Amino acid sequence: MRIVRAKDYEDMSRKAAAIIAAQVTLKPDCVLGLATGSTPIGTYKNLVAAYEAGDLDFSQVKTYNLDEYRGLPGDHDQSYRYFMNVNLFDHVNIDKANTHVPDGLMEDYEAACAEYDAAVAAAGHQDLQLLGIGNNGHIGFNEPCDSFIKGTHCVDLTESTIQANSRLFDSIDDVPRQAYTMGIGTIMGAKSILVVANGDAKAQAVHDMCYGPIVPSCPASILQLHPNVVVVADEAALALCPVE
Ligand code: GLP
């Protein structure tokens with residue numbers, strides 16, 4: 001695991017965007033695994049700016065997002081499909097048909113989740129998977145639990161995640177209680193992984209991800225077993241990590 005120290009959120013966002021931009025430049029038809037949340041918004045802004053400057057071409061890029069709230073349609077302003085359109089897809093020359101977000105309204109979800117994994121595998125797996133991290137160490141919506149769940153699945157959100165994400169909804173009662181998420185196996189299938197984190201609320205989770213025991217009570221800790229992970233985090237998020 002390589003840790004890149006950023007000065008602040010802006011610096012983290014520029015560095016993370018530079019890594020994604022390098023991937024797109026080196027392999028124009030790459031497969032990107034993408035993430036939502038407030039952390040990657042600045043990263044996406046920098047990618048849009050690079051596209052507008054003529055430095056990036058998304059025309060052959062394929063994307064697979066990590067997760068989606070169960071029960072939210074793609075046009076709901078808190079759905080992750082909507083987030084991706086507003087923060088990235090609507091502003092670059094990506095073919096929307098090449099963008100994939102789990103369908104929050106899927107009916108037979110076990111079959112649909114298996115199809116999502118099969119589609120990621122058929123695309124050749126993610127060349128680069130972008131991840132944020134939850135305050136409790138979750139990645140995607142893989143919440144702390146007793147085992148690492150391999151494939152894309154439906155998950156019950158923890159109270160801590162519902163609480164953390166309620167800031168984006170009108171009221172906490174509006175936060176969906178379940179979500180679909182790529183499983184740990186789906187994430188670990190990526191050829192390279194980029195984790196972004198900022199702020200002191202993430203400090204414990206970032207420490208446990210990088211230095212804690214590899215346990216499903218901190219889902220991000222599994223990333224220690226992946227051969228190609230870069231963590232780009234600001235000073236506050238790295239406050240509990242040793243300076244190497
Ligand atoms: C959400 C998402 C995660 C994200 C995390 C942190 O629940 N499912 O993919 O990494 O929470 O979000 P934020 O970046 O807003 O702190």
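Atoms within each ligand, like the ligands themselves, are counted from 1 in listed order. Sequential numbering from 1 along the given sequence is applied to the chain's residues. Here the structure is a predicted model, which is why all the values come from computation and not from measurement.
- Ion pairing between Asp90 and Lys96 holds under the 4.0 Å rule for side-chain N and carboxylate O.
- Contacts between Arg167 and ligand 1 below 4.0 angstrom, taking non-hydrogen atoms only, involve the side chain exclusively.
- Only the side chain of Tyr80 comes within 4.0 Å of ligand 1, counting heavy atoms alone; its backbone N, CA, C and O stay farther away.
- Put simply, no part of Met182 is less than 4.0 Å from ligand 1, judged by heavy atoms.
- Counting the atoms of ligand 1 from 1 in the order shown, those under 4.0 Å from a heavy atom of Gly140 are 2 (C), 3 (C), 8 (N), 9 (O).
- Atoms of ligand 1 found under 4.0 Å from any heavy atom of Gly132, numbered from 1 in the order shown, are 10 (O).
- Remark: the backbone N or O of Met182 is paired with a side-chain donor or acceptor of Asn142 at under 3.5 angstrom.
- Contacts between Ser38 and ligand 1 below 4.0 angstrom, taking non-hydrogen atoms only, involve backbone and side chain alike.
- Counting only N and O atoms by type, the side chains of Thr186 and Asp117 include a donor and acceptor under 3.5 Å apart.
- Remark: side-chain polar atoms of Gln204 are not paired, donor with acceptor, to backbone N or O of Leu240 under 3.5 angstrom.
- The heavy atom nearest to atom 6 (C) of ligand 1, out of those in Asn142, Thr39, Ile133, is found in Ile133.
- In this structure, Glu235 does not pair ionically with Lys7, as no charged nitrogen and carboxylate oxygen lie closer than 4.0 Å.
- Remark: ligand 1 and Asn165 share an N or O pair separated by less than 3.5 Å (distance only, no angle test).
- Below 30°, between 30° and 60°, or above 60°: for Phe169 and His76 the angle between ring planes is between 30° and 60°, a tilted geometry.
- No N or O atom of Ala35 sits closer than 3.5 Å to an N or O atom of ligand 1.
- Of all atoms in ligand 1, listed by their number and element, those nearer than 4.0 Å to a heavy atom of Phe141 are 7 (O), 8 (N).
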**Study point:** Working for ring-ring contact (aromatic ring centres under 6.0 Å, His included), residues Tyr69 and Phe141
**Key:** CA-CA 9 Å; Tyr69 286 114; Phe141 266 132; 5.5 Å; yes
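- Atoms of ligand 1 found under 4.0 Å from any heavy atom of Asp67 (numbered from 1 in listed order, with element): 2 (C), 8 (N), 9 (O).
- In terms of protein heavy atoms, atom 11 (O) of ligand 1 is closest to His138 NE2, 3.2 Å.
- For Ser221 (side chain) and Val215 (main-chain N/O), a donor-acceptor pair under 3.5 Å exists by modelled atom type.
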